[in-house]
Amino acid sequence: MSRSKSVLTQLLRIFPQWRPQMYFKASLTALSHAMEDQVLAGSEQPLVIASFQRERFYRQEAQRYRRIAQKSNQVYVLAAPETDFKHRSQDYETVAFDADDPLTKEWHLIVLGKNYASCLICQEKNNFTSQEMTADMDNNRRFEGIWTFDRQVTQQAANILLKTIVNYRPELEEKAQQARDQYIPSYILRDEPPQTKDIDNTTWDVTKNKPDPFVQRLVTYLQAGQYKLIKANRTLSTKEHKERLINSVTTAIRLSLDPDEILQIAVQKLGEGLGVCRCLVYRCKETDTTATIEHEFLNQGIPSIKGQTWPLQHNPLFQEVVELRDPLTIDDAINDPRLANGKTGTTSSQQSLKTLVSSCSILSWMLVPIFYSGRLLGMLELHHCGPKPITWKEEDVALVNAIATQIGVALIQAEAYANLQDLNEQLEALDRTRSNLVAITGHELRTPLSTIQVCLESLATEPDMSPELRQVMLNTALQDAERMRKLVQDFLTLSQLESGRVEWNIEALDLHECVELSLSNVRARHKETKLPTIENLVMEELPLIKADGEWLVEVLAKLLDNACKFTSEEGKITIEVSCSSPHHLEVTVADTGRGIEPKRLETVFDRFYQEEGALRRSTGGTGLGLAICRQIVQGWGGKIWAESQGKDHGSKFHFTVPIYIDQMPNQSSSKTITRSRQSRQKARGKSVQGKRQQARGKRE
Ligand code: ADP
């Protein structure tokens with residue numbers, strides 16, 4: 001419980017004409033030392049009362065007061081105890097006041113002698129608690145109060161403080177009374193106004209009795225110097241704060257390679273560092289229409305907007321930032337012209353921004369783009385939500401901008417790392433595929449080679465072999481040699497396609513003609529064997545397609561070959577084309593053959609997939625045909641897939657091929673269907689057959 005009242009307040013009530021002045025701590029220290037030195041240098045025995053706010057301030061001066069006590073027996077030191085400061089009567093009297101006493105906010109020094117009097121009665125203006133007080137703050141401490149040589153003011157102040165001393169230490173009443181008798185006139189003790197006889201002519205004139213002009217000027221210089229120092233200190237500490245914040249954000253975000261973590265740390269640190277109401281960040285590109293708020297920092301009581309979708313394309317603020325490539329600040333969002341009604345009324349984008357401003361309670365707004373090498377990666381936003389709008393400081397904008405640059409670097413690093421990981425995975429997959437391929441190819445080649453070797457060895461070592469058996473041996477060796485040739489050729493074709501080294505010769509083609517061509521190829525290849533019935537249901541009047549003729553015929557031939565292989569002579573094969581979409585034709589090769597199990601419909605497109613396994617191959621083939629078809633079809637941006645109701649239910653192979661869109665505006669694809677064959681051929685220039693021969697020549 002506090003026992004005293006503020007000495008300054010009491011004094012100003014007695015002397016209402018006195019105006020308190022502002023003093024820095026350093027000035028008060030200098031003035032106090034000067035007053036104390038006057039006691040030490042003089043020959044008087046004055047009354048000295050010093051009130052320190054806290055014990056630790058007194059400790060710095062304890063030695064001085066021991067020396068002062070040698071000059072006078074009326075010395076009183078007051079302080080709020082922190083360790084062992086207590087009421088004591090030794091060299092001088094010590095008074096330990098309560099921690100909640102208003103004296104803890106004040107700085108007093110009274111020197112009252114016979115020939116001179118001076119007092120310093122000041123009150124601290126900062127509201128730091130002792131825990132909050134750092135070295136920087138200590139230097140910036142400001143006081144307001146009176147410093148004077150006025151005897152009457154000094155006597156009044158001494159009277160007030162003596163009362164406080166006796167209040168805390170009643171046993172000192174007698175000693176205090178001696179001091180009063182010696183230094184304080186009776187009208188002051190009686191709390192009465194002074195009589196004429198009490199006034200020493202100048203007492204009530206505040207302009208007189210002021211400290212010597214030289215001393216006063218000295219104090220002014222001291223104050224000005226201190227002010228400059230504090231200003232410089234403040235600039236330095238702002239700079240230091242800025243650098244510390246940038247450093248801490250940079251260090252924190254550089255520790256992570258996870259973009260989400262980077263952004264969350266950045267908003268958290270930035271929001272805390274600048275003490276804004278809301279700090280948020282979202283990733284976006286210049287062309288994005290909207291963005292989702294992914295990360296935010298909120299100060300207490302501020303509503304969250306995480307997960308909300310923010311308009312970008314129709315957001316004049318976003319567009320301005322992107323165009324100027326600079327941060328944008330709005331001090332008063334409610335009255336900003338970009339958000340207020342224009343001459344032509346409010347546009348819908350303004351309206352939606354206004355809604356945003358009010359739903360998110362944004363009063364002052366800062367938008368800072370995150371760029372890396374001119375590429376927009378995201379946006380940092382700072383919101384101030386009240387109670388009043390604020391003016392964004394230039395240094396804060398520069399700071400957020402510097403942090404945005406760091407975020408950009410960190411995001412790019414994270415992106416590069418993710419790409420590297422992807423690339424690593426791709427490389428690993430490629431390496432696995434390569435090893436597999438080597439193993440499978442080795443096996444596929446070794447099998448026919450062994451057969452050829454056995455046949456040739458038998459022919460060489462057994463001269464007595466019957467001519468029929470010789471013929472069988474020779475035929476087997478020749479067949480396997482052919483299989484090896486096909487395998488090597490397919491393998492090379494597939495590698496070429498997979499490596500992307502194929503030069504596509506995309507042109508306008510007549511699909512019907514391509515089908516005819518592949519059918520005649522198949523028939524020529526199988527002229528020795530009896531084939532199932534093949535029905536070509538492809539209409540002649542089809543839109544031109546956009547593909548590489550040579551590869552298209554290859555796909556058709558492979559699908560037809562397979563259909564022939566897996567369908568008995570009694571079965572049937574059909575080829576059809578339908579318009580699957582406005583931009584594609586769909587080719588279907590269907591057969592009534594042995595079908596495919598539904599679970600194998602995808603795997604048949606894998607390399608070396610053969611249902612009966614390589615060793616039980618009854619139909620020939622390399623197991624690479626469908627893998628090649630898939631690569632070719634994907635090459636022109638089409639799709640290929642198989643369909644079957646299961647074993648012995650036949651199969652259907654479908655693939656799509658893009659329609660050639662003529663450059664002439666009113667020739668839509670539907671119109672093209674009715675165009676005459678002649679005109680199509682004209683558009684195409686050369687026939688597929690010619691092209692195919694030409695291309696084959698190139699490949700061989
Ligand atoms: P292959 O040279 O063995 O024909 P493909 O890649 O062309 O190699 O075909 C792979 C496998 O897919 C074939 O071995 C066969 O098991 C199955 N397959 C392909 N086409 C058909 C079809 N029309 N009917 C039934 N099965 C088929």
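One is the number of the first residue; the rest follow in order along the sequence. As the structure lists them, so they are numbered: ligands from 1, and atoms in each ligand from 1.
- Not a single heavy atom of Gly593 sits closer than 4.0 Å to an atom of ligand 1.
- Within the 4.5 Å cutoff, the side chain of Leu353 has heavy atoms near those of the Leu356 side chain.
- Under 3.5 Å, the side chains of Asp288 and Gln313 contain no donor-acceptor pair of N or O atoms.
- Within the 4.0 Å heavy-atom criterion, both parts of Leu626, backbone and side chain, lie near ligand 1.
- The shortest heavy-atom contact between Leu411 and Pro259 is CD2-CB, 3.9 Å.
- Side-chain contact between Ile545 and Pro658 is absent, with no heavy atoms from C-beta onward closer than 4.5 Å.
- At under 3.5 Å, not a single nitrogen or oxygen of Phe566, backbone or side chain, sits near a nitrogen or oxygen of ligand 1.
- When heavy-atom distances to ligand 1 are checked against a 4.0 Å cut-off, Lys558 has no atom that comes that close, whether in backbone or side chain.
- Interface atoms of ligand 1 facing Ile596, defined by a heavy-atom separation under 4.0 Å, are 25 (C), 26 (N), 27 (C).
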**Message:** Apply salt bridge (Lys or Arg N to Asp or Glu O under 4.0 Å) to residues Asp561 and Arg525 and explain how you reach the verdict.
**Reply:** CA-CA 9 Å; Asp561 263 343; Arg525 269 205 301 280; 2.7 Å; yes

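- Heavy-atom separations between Gly595 and ligand 1 include at least one value shorter than 4.0 Å.
- Residue-level proximity to ligand 1 for Asp591 is carried by the side chain, the only part with a heavy atom below 4.0 angstrom.
- Annotation: side chain of Trp504 is in contact with side chain of Val502 (closest heavy-atom distance under 4.5 Å).
- Remark: ligand 1 atoms within the under-4.0 Å shell around heavy atoms of Lys565 are 1 (P), 2 (O), 4 (O).
- Ring pair Phe655/Trp636 is tilted by interplanar angle, where 30° to 60° counts as tilted.
- Side-chain contact annotation: Asn315 with Gln319, donor-acceptor N/O pair under 3.5 Å absent.
- Of the heavy atoms in Phe653, only side-chain atoms (C-beta onward) come closer than 4.0 Å to ligand 1.
- Heavy-atom proximity to Arg594, at under 4.0 Å, picks out these atoms of ligand 1: 15 (C), 16 (O).
- Summarising the contacts of atom 1 (P) of ligand 1 with Gly623, Gly650, Cys629, Ala627, the nearest heavy atom is found in Gly623.
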